[in-house]
Amino acid sequence: MAADYKGFSTRAIHAGEEADTRPGSPGDVVVPIHLSTTFIWDKPGVAHSKFEYIRTDNPTRHAYETKLAALEDARYAIAFASGLAAEHALMQAIFRPGDHVIGFDDLYGGTRRLFDEIIDGLEVSYVDLGVEGEFERAFRPNTKVLWIESPTNPMIKICDIAALAAKAHQRGILVVADNTFLSPYFQQPLKLGADVIIHSSTKYIGGHSDVLGGALLTNDETLYEKLKSIQNNCGAVLSPFDSYLNIRGLKTLAVRMERHQSNALEIARFLSGHPRVTKVLYPGLPDHPGHDIIKRQATGFGGMLSFEIEGSLTDAEEFLSRLKLFSLAESLGGVESLIELPALMTHVGLEEQTRRAIGISDTLFRVSVGIEDVEDLIADLKNALG
Ligand SMILES: *Cc1c(COP(=O)(O)O)cnc(C)c1O
């Protein structure tokens with residue numbers, strides 16, 4: 001089905017959603033929100049359709065999974081109640097006590113909490129995978145998984161997914177890639193060698209800051225069956241309404257991502273030229289250390305950037321209080337621009353030493369650039385920087 005459509009937007013709009021033209025059907029063009037928790041059987045032992053009970057499968061969720069799989073060119077997609085529920089199910093499937101995982105040092109904080117506090121008996125090494133040789137140095141006989149994101153946040157680090165996947169596979173370990181930040185529109189990690197993709201669809205896929213969701217994608221049938229069984233037995237499924245919102249989000253993903261990116265690039269250039277700004281982290285800038293790698297492995301740079309201003313925490317707070325358009329909030333990927341201070345917000349849970357080692361100072365901001373008019377966004381930043 002997915003292969004029938006070539007272009008990304010055509011797949012985003014049509015895959016998984018063929019109009020129902022069977023006799024007697026109203027002929028919905030858009031997949032409806034199916035709320036029925038149970039489905040009729042023709043007789044004992046013979047279900048009427050492939051649907052039996054809502055936790056196991058649901059038509060709206062199924063349509064969303066089909067669409068998402070088409071966009072990542074994956075054989076299988078499973079939609080979860082949140083990104084972290086998806087990650088937890090994956091960890092249940094792939095880790096045994098005593099296993100070792102190598103993670104990017106700037107991984108999503110919730111992923112680090114699952115590794116450090118929730119999954120028992122896991123050994124974890126956090127290393128800067130943007131640096132040549134770090135993966136090899138961290139590798140141990142009990143290493144089972146390489147867990148990456150590219151770009152990361154808030155340090156917007158890039159790693160070479162294909163090169164790392166090749167090294168990991170030489171050693172017989174699994175490669176997990178969180179593709180939340182670039183979305184399938186800009187990057188498709190399965191094609192670069194990853195074995196599993198994670199999405200927090202709460203971000204760009206939903207795209208409007210109004211739905212929580214997560215997903216896992218893979219081409220591995222055995223792993224898929226295991227994940228599906230864990231999900232069915234534990235129950236962290238995406239609801240029909242949330243599935244519908246994610247379907248709706250995917251349809252405009254391409255146009256939104258283009259606009260997020262062009263706005264982010266202009267803002268990054270503006271900030272780079274501002275005397276109060278000491279650092280701008282955006283992989284679309286030619287001087288970003290990961291610029292050449294991201295150009296090779298992705299078709300865009302995304303809408304997330306970080307920057308640092310001179311001064312102290314007080315200066316950072318004063319700057320934030322002067323902004324009118326950028327909302328001070330965590331999360332990302334919605335149509336509205338958000339800004340946050342990782343040291344006191346998303347990354348406050350890290351020990352100060354870890355935060356410093358990663359490079360998170362008291363005046364480092366993370367920005368989720370929205371799709372407003374960029375002139376207005378730049379005027380707001382200019383005014384607040386003074
Ligand atoms: C938000 C996020 C998650 C967690 O997803 P939730 O939907 O909030 O559970 C995981 N990875 C990344 C990169 C994220 O940004």
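Note that ligands are numbered from 1 as they come in the structure, with each ligand's atoms numbered from 1 the same way.
Under the 30°/60° scheme for interplanar angles, the aromatic rings of His291 and Phe301 are found to lie parallel.
With a 6.0 Å cutoff to the six-membered ring centre and a 45° limit on the axis angle, Lys157 does not count as a cation-pi contact of Tyr126. Stacking of Arg75 on the aromatic ring of Tyr224 is not recorded, the 6.0 Å distance cut-off and the 45° axial limit not both being met.
Of the N or O atoms in Ala85, none lie within a sub-3.5 Å distance of an N or O in ligand 1. Of the N or O atoms in Ser200, one or more lie within a sub-3.5 Å distance of an N or O in ligand 1.
Using a 4.0 Å cut-off to heavy atoms of Phe181, the atoms of ligand 1 that qualify are 13 (C), 15 (O). Taking every heavy atom of Ser82 and a limit of under 4.0 angstrom, the matching atoms of ligand 1 come to 7 (O), 9 (O). Heavy-atom contacts of Gly83 reach the following atoms of ligand 1: 5 (O), 6 (P), 7 (O), 9 (O) (cutoff under 4.0 Å). Applying the 4.0 Å criterion to heavy atoms of Glu87 picks out, from ligand 1, the atoms 10 (C), 11 (N).
Counting heavy atoms under 4.0 Å from ligand 1, residue Leu84 touches it through both backbone and side chain.
Of the listed residues (Leu212, Asp178, Leu332), the one carrying the non-hydrogen atom nearest atom 11 (N) of ligand 1 is Asp178.
Here the protein heavy atom with the shortest distance to atom 4 (C) of ligand 1 is Tyr108 CE2, 3.4 Å. Among protein heavy atoms, atom 14 (C) of ligand 1 sits closest to Lys203 NZ, 3.0 Å. Scanning the protein for heavy atoms near atom 7 (O) of ligand 1, the closest one is Thr202 OG1, 2.7 Å.
Two different hydrophobic clusters hold Leu35 and Val31 under the rule that ILVMFWY side chains link at heavy-atom gaps under 4.5 Å.
Assignment of Gly213 to the shell around ligand 1 is supported, since a heavy atom sits closer than 4.0 Å.
A donor-acceptor contact shorter than 3.5 Å links the side chain of Gln297 to the backbone of Ile161.
Salt bridge status for Lys167 with Glu132: present, with a side-chain N to carboxylate O gap under 4.0 Å. For Lys228 and Glu225, the salt-bridge test fails: no basic side-chain N is under 4.0 Å from an acidic carboxylate O.
Ser327 and Glu336 form no side-chain donor-acceptor contact under 3.5 Å, judged by distance and modelled atom types alone.
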